[in-house]
2 protein chains.
Amino acid sequence: MTDEVGRDPEAVSKFVESFAAQLVEAGMQRMPARIFAALLSSDEGAMTSAELGEQLQISPAAVSGGVRYLAQQHMVSREREPGSRRERYRVHSNQWYEALTNREAVIKRWEGALREGVSSLGAGTPAGRRMAETLAFFEFVDGEIAAMMERWRLHREELFGA
Amino acid sequence: MTDEVGRDPEAVSKFVESFAAQLVEAGMQRMPARIFAALLSSDEGAMTSAELGEQLQISPAAVSGGVRYLAQQHMVSREREPGSRRERYRVHSNQWYEALTNREAVIKRWEGALREGVSSLGAGTPAGRRMAETLAFFEFVDGEIAAMMERWRLHREELFGA
DNA sequence: CGCTTCTTTCAGAAATTTGTGAAGATGAGG
DNA sequence: CCTCATCTTCACAAATTTCTGAAAGAAGCG
């Protein structure tokens with residue numbers, strides 16, 4: 001087997017860019033999206049800063065900024081190769097889409113804003129009622145998502161084994 | 001009752017801006033967010049272009065652009081007062097958060113990109129397997145969300161009556 | 001028809017965001 | 001300690017986005 005490269009870098013790059021484009025369209029910033037897509041399509045599920053910089057043709061500063069964002073969103077984690085200042089950034093295959101549904105903080109803030117709206121506009125007014133209903137929706141979804149993720153874990157074991 | 005105004009414009013405005021800010025943080029553009037928040041907190045659930053312009057202090061052009069975006073996302077609908085060129089933009093209290101969960105098109109595109117990734121990187125490779133799993137997750141969520149919305153409708157009737 | 005009232009489109013000014021290079025930190029290893 | 005390899009921060013240039021005023025389009029109504 002002369003297949004030592006193992007993968008066609010061009011095919012990888014093509015996928016990375018096209019998946020990143022979807023993420024961008026869904027609202028993610030460009031650099032985080034590209035970095036994330038690159039990690040997702042790496043065999044290890046992890047890359048160093050230098051590797052990312054090379055594949056994506058971006059500066060160390062851009063890697064740093066993008067990774068910081070992804071880490072804040074809990075979409076990647078950072079690892080340190082022991083005895084080296086070099087970091088590697090890893091996407092835990094499960095972890096990340098859990099983060100996707102973990103709008104936890106976002107939902108909580110929306111709920112807060114809506115509660116304030118209900119009371120400041122008046123619970124008896126039409127606008128107040130509309131907002132109370134919206135609030136109820138968020139509260140409902142909040143609970144449902146947790147249950148859904150639990151079902152996913154079961155489903156996942158079924159499909160791929162524990 | 002000298003309460004003819006009915007609502008404190010300042011309180012309304014304060015809520016509108018704060019709710020819009022949450023939407024912006026969640027990735028919506030500023031103008032659409034403000035317009036949407038204004039509609040949501042109006043008693044009628046509908047406003048004319050002129051009313052929106054006045055409350056938000058923006059030009060007709062900005063209203064036009066924002067509304068177009070919201071309509072594309074199915075978050076508001078346009079109505080025509082019969083016998084007038086004046087439009088009013090309405091948020092149907094139910095409709096809009098159904099639109100929120102209706103990432104339908106978005107999810108489909110992600111699934112497409114992932115499928116392409118699985119085949120172009122190789123279903124047998126580690127990266128390919130990771131993407132196959134991610135794909136399975138999206139397919140799962142897709143189905144779950146429909147079921148969840150159905151439960152919401154029931155729950156909603158329970159809370160607020162049909 | 002043509003006037004009037006609204007809405008949309010468009011080009012450009014202003015504000016914001018993004019990515020870079022360069023300088024500064026941080027820590028491993030001699 | 002000093003050096004080397006890395007990562008991070010920062011100021012700025014470039015690209016992009018956002019909003020506006022002005023002009024053009026559309027539709028009711030006399």
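First the proteins, then the strands, lettered A, B, ... as listed; each starts at 1. Given the structure is predicted, the values throughout are model-derived calculations rather than measurements.
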Worksheet item: So, is B:Ser49 close to the C:dC6 phosphate, meaning a side-chain N or O under 4.0 Å from OP1 or OP2?
Response: no

Discussion item. Here's a test of your reading of the structure: between B:Ser64 and A:Arg80, which maps to the more 5' nucleotide of DNA chain C?
Written reply: B:Ser64

Worksheet entry | Separation of C:dT16 P from B:Gln29 CD (nearest whole Å) | 15 Å

Worksheet item: Could you go step by step and tell me if A:Met131 and B:Phe15 meet the side chain to side chain contact (heavy atoms under 4.5 Å, CB included) rule?
Response: CA-CA 11 Å; A:Met131 274 184 288; B:Phe15 170 73; 3.1 Å; yes

Practice prompt. Specify the separation, in whole Å, of atom CD of A:Glu51 and atom P of D:dA5.
Written response: 17 Å

Practice prompt. Indicate whether OP1 or OP2 belonging to C:dT7 is found under 4.0 Å from a side-chain N or O atom of B:Arg85.
Written response: no

Worksheet item: Under 3.5 Å, side chain of B:Arg34 to main-chain N/O of B:Leu56, donor-acceptor pair present?
Response: yes

Practice prompt. Could you tell me whether the phosphate oxygens of D:dA15, OP1 or OP2, come under 4.0 Å of any side-chain nitrogen or oxygen in A:Arg30?
Written response: no

Practice prompt. Could you tell me whether the side chain of B:Arg129 and the main chain of B:Gly124 form a donor-acceptor pair under 3.5 Å?
Written response: yes

Worksheet entry | Between P of C:dT8 and CD of B:Gln72, the distance in whole Å | 12 Å

Worksheet, complete the sentence: Atom CD of B:Glu79 and atom C1' of C:dC6 are separated, to the nearest Å, by 17 Å

Discussion item. Check A:Arg115 with A:Glu111, please: is the shortest side-chain N to carboxylate O separation under 4.0 Å?
Written reply: yes

Worksheet item: Contact class for A:Arg78 vs. all strands (heavy atom < 4.0 Å): base, sugar-phosphate, or nothing?
Response: sugar-phosphate

Discussion item. Please report the distance, rounded to the nearest Å, between CZ in A:Arg86 and C1' in C:dT26.
Written reply: 16 Å

Discussion item. Can you measure A:Glu54 atom CD to D:dT6 atom P for me and round it to whole angstrom units?
Written reply: 14 Å

Discussion item. Base, sugar-phosphate or nothing for B:Arg88? Non-hydrogen atoms, less than 4.0 Å.
Written reply: nothing

Worksheet item: What is the distance from OH of B:Tyr69 to P of D:dT18, rounded to the nearest Å?
Response: 10 Å

Worksheet item: Do A:Arg153 and A:Glu150 meet the salt-bridge criterion of a basic N to acidic O distance under 4.0 Å?
Response: yes

Practice prompt. To the nearest Å, give me how far apart CD1 (A:Ile58) and P (D:dT8) are.
Written response: 13 Å

Discussion item. Let's see if you can work this out: which of D:dC7, C:dT8, C:dT9 has an atom nearest to the side-chain heavy atoms of B:Ala61?
Written reply: C:dT9

Worksheet item: So which nucleotide from C:dT7, C:dT9, D:dG21 ends up closest to the side chain of B:Ser59?
Response: D:dG21

